[in-house]
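The sequence lines fix the lettering, A, B, ..., with proteins before strands; numbering per chain opens at 1.
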Amino acid sequence: MPELPEVETVRLGLVPVLEGRKLVRVEARRPDLRIAFPPRFAERLTGRRVERLERRAKYILAHLDRGEILLIHLGMSGRFFVDMQRSNATGSGAHDHVMFETDRGARVVYSDHRRFGLMTLLAASDRDSHKLLKGLGPEPLTADFSVAHLLAALKGKRTPIKAALLDQRVVAGLGNIYVCEALFGAGVSPKRIAAKVTRDQAKRLVAAIRTVLKDAIAAGGSTLRDYRKADGELGYFQHKFRVYDREGERCSKRGCRGRIKRIVQAGRSTFFCPGCQR
DNA sequence: CTTACGGCCTGTACGC
DNA sequence: TGCGTACAGGCCGTAA
């Protein structure tokens with residue numbers, strides 16, 4: 001269920017445990033996440049030092065010594081746990097697929113009941129050319145993501161803006177929730193055809209996207225001590241959304257008398273206020 | 001080329 | 001309580 005802010009919060013939780021640490025033991029308990037582990041996956045990771053954890057879109061890239069990158073995607077249900085007791089016997093760890101033990105004795109467990117996540121290895125030199133990474137659009141929290149870029153990316157697109165913003169080639173890291181929130185913040189209707197978004201709306205969208213993502217990351221940092229919950233789970237936090245999953249509630253915008261509506265676009269729920277999103 | 005849709009898995013919520 | 005159904009925040013491959 002993680003989008004950019006959740007992935008970033010997970011990354012921040014992993015940094016103190018993994019960065020600079022050597023992996024002394026790695027177990028890959030099942031090989032069939034969305035993309036099967038490469039051959040000898042656990043062996044190739046054992047003994048490697050994690051030099052740096054990077055986030056790109058919804059991916060975490062663990063830069064290892066010897067010029068390799070461990071690429072991680074959490075899919076819909078991927079979670080990391082640090083230093084907690086997990087037991088397959090009791091069922092609590094039934095979906096624990098990968099375990100990393102560091103030279104400081106920390107144990108990091110990756111759990112993913114739907115198995116839409118993935119882990120794979122790539123050469124550091126493929127950082128920008130790997131097929132999962134090469135088509136990604138700009139990071140929304142950097143200057144690469146500009147009004148000019150957004151307008152160019154939307155040009156000629158016949159799909160609704162909602163679908164366009166979910167397209168990782170347009171902007172990287174947004175998912176269904178934050179697209180709904182950003183469209184609400186910008187006052188733009190999710191049904192508007194992408195190519196018809198005006199310059200003024202594009203400006204508001206760029207600003208709203210940055211704001212909702214930054215606020216969510218900040219909420220993770222302030223809600224969780226060390227980005228970690230009591231049970232050792234990293235990166236997830238209670239966050240209040242203004243439209244997502246609020247069908248039927250009053251619009252929170254001042255002076256707006258509308259109610260939040262739910263529609264289905266491209267098979268996914270969209271929440272918006274017909275009163276103030278145009 | 002762009003756009004639309006099925007499929008991958010399992011868990012949970014809800015109506016009857 | 002049990003059962004069936006719908007739905008879930010992602011992404012890829014394929015077809016149109």
Side-chain angles (χ1 to χ4, degrees), chain A residues 1-10 29-37 55-60 71-80 88 91-98 110-120 130-137 140 152-184 190-196 209 212-213 215-217 219-220 233-248 260 262-272:
Chain A
M1 332 200 276
E3 304 182 31
L4 187 155
E6 291 76 26
V7 176
E8 178 64 9
T9 312
V10 169
R29 302 195 177 107
R30 48 183 311 171
D32 54 342
L33 300 183
R34 175 156 57 90
I35 294 181
F37 296 138
R55 183 193 52 73
R56 173 77 175 108
K58 299 170 197 169
Y59 292 92
I60 293 172
L71 182 67
I72 301 166
H73 194 289
L74 303 174
M76 297 268 271
S77 57
R79 294 147 177 258
F80 276 100
N88 283 314
S92 63
H95 300 291
D96 293 354
H97 305 314
V98 184
Y110 177 72
S111 184
D112 184 357
H113 65 84
R114 287 177 78 180
R115 304 208 307 279
F116 286 2
L118 71 89
M119 286 196 199
T120 194
H130 189 274
K131 71 168 183 166
L132 294 173
L133 302 172
K134 70 177 174 198
L136 294 172
L154 299 180
K155 194 170 182 190
K157 269 201 182 288
R158 309 304 309 158
T159 52
I161 184 66
K162 162 79 190 307
L165 292 176
L166 283 173
D167 184 340
Q168 301 296 297
R169 295 168 301 186
V170 172
V171 55
L174 296 179
N176 203 39
I177 292 179
Y178 291 102
V179 166
C180 291
E181 296 297 310
L183 285 166
F184 176 77
K191 296 192 276 196
R192 174 169 288 263
I193 296 301
K196 295 195 166 180
I209 287 167
V212 296
L213 296 177
D215 285 356
I217 293 169
E233 184 182 354
L234 298 185
Y236 293 82
F237 46 91
Q238 292 304 313
H239 194 58
K240 278 293 175 192
F241 300 113
R242 297 184 73 187
V243 285
Y244 185 80
D245 207 19
R246 289 185 175 275
E247 183 177 16
I260 308 305
R262 184 182 89 98
I263 59 173
V264 174
Q265 294 179 289
R268 323 275 310 268
S269 288
T270 298
F271 298 89
F272 73 112

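The C1' atoms of B:dT12 and C:dC11 are separated by 22 Å, rounded to the nearest whole Å. A distance of about 14 Å separates the P atoms of B:dG6 and C:dC7, rounded to the whole Å. Nucleotides B:dG11 and C:dC12 have their P atoms positioned 24 Å apart, rounded to a whole Å. Taking atom P on both C:dA6 and B:dG7, the two are 15 Å apart, rounded to the nearest angstrom.
Judged as a salt bridge (charged side-chain N to carboxylate O under 4.0 Å, His left out), the pairs with a partner in residues 235-246 of chain A (not counting sequence neighbours) are, in order, A:Arg246-A:Glu249.
Here the shortest heavy-atom pairing between A:Val243 and A:Phe271 reads O-CB, 3.2 Å. Pairing each heavy atom of A:Leu154 with each of A:Ala194, the nearest pair is CB-O, 3.7 Å.
A donor-acceptor pair is defined here as one N or O able to donate and one able to accept, closer than 3.5 Å; such a pair exists between the side chain of A:Ser111 and the backbone of A:His95. With hydrogens and angles disregarded, no donor-acceptor distance shorter than 3.5 Å links the side chain of A:Glu247 to the backbone of A:Phe272. With hydrogens and angles ignored, the 3.5 Å screen pairs a side-chain donor or acceptor of A:His97 with a backbone N or O of A:Asp112.
Distance CD1 (A:Ile177) to C1' (C:dG10): 12 Å, rounded to an integer number of Å. C:dA8 atom C1' lies 14 Å from atom CD of A:Glu6, rounded to whole Å. Whole-Å rounding puts the A:Leu74 CG to B:dC9 C1' distance at 16 Å. A:Asp96 has its CG atom 15 Å from the P atom of B:dT10, to the nearest Å. As a whole-Å value, the separation of A:Leu118 CG from C:dG10 C1' is 10 Å. Atom C1' of nucleotide C:dG9 and atom CG of A:Asp167 are separated by 17 Å, given to the nearest angstrom. Nucleotide C:dG9 holds its P atom 16 Å from the CG atom of A:Asp112, rounded to whole Å. As a whole-Å value, the separation of A:Phe271 CZ from C:dA8 C1' is 10 Å.
Between A:Val179 and the options A:Thr270, A:Val212, A:Leu165, a side chain to side chain contact (heavy atoms under 4.5 Å, CB included) holds for only A:Leu165.
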Distances under 3.5 Å between nitrogen or oxygen atoms of protein and nucleotides 3-6 of chain B:
from: B:dT3; atom 1: OP1; to: A:Arg158; atom 2: N; distance (Å): 2.6
from: B:dT3; atom 1: OP2; to: A:Lys157; atom 2: NZ; distance (Å): 3.3

Contact list (N/O, under 3.5 angstrom) for nucleotides 11-14 of chain C vs protein:
from: C:dC11; atom 1: OP1; to: A:His73; atom 2: NE2; distance (Å): 2.6
from: C:dC11; atom 1: OP2; to: A:Lys58; atom 2: NZ; distance (Å): 2.8
from: C:dG13; atom 1: OP1; to: A:Lys131; atom 2: NZ; distance (Å): 3.3

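At least one side-chain heavy atom of A:Arg268 sits under 4.5 Å from a side-chain heavy atom of A:Leu166.
A:Ser269 has a side-chain polar atom (N or O) that falls below the 4.0 Å cut-off from OP1 or OP2 of C:dA8. A:Arg114 has no side-chain polar atom (N or O) that falls below the 4.0 Å cut-off from OP1 or OP2 of B:dG11. Residue A:His95 places at least one side-chain N or O closer than 4.0 Å to OP1 or OP2 of B:dG11.
Under the side-chain contact (heavy atoms from CB on, under 4.5 Å) criterion, A:Phe116 pairs with A:Met76, A:Arg114, not counting sequence neighbours. Shown here are the salt bridge (charged side-chain N to carboxylate O under 4.0 Å, His left out) partners of A:Arg192, two or more places apart in sequence or in another chain: there are none.
Residue A:Leu4 holds its CG atom at 3.5 Å from CZ of A:Arg55, rounded to the nearest 0.5 Å. With values rounded to the nearest 0.5 angstrom, A:Glu181 atom CD is found 9.5 Å from A:Glu3 atom CD.
If you check every strand for non-hydrogen atoms under 4.0 Å, A:Arg262 touches sugar and phosphate atoms only.
By the criterion of a centre-to-centre distance under 5.5 Å and near-parallel planes under 30°, the ring of A:Tyr244 forms no stack with the base of C:dG9.
Consecutive Watson-Crick or G-U pairs involving DNA chain B, each under 3.5 Å on both distances, make up stems of three or more pairs at B:2-8 with C:10-16, B:10-16 with C:2-8.
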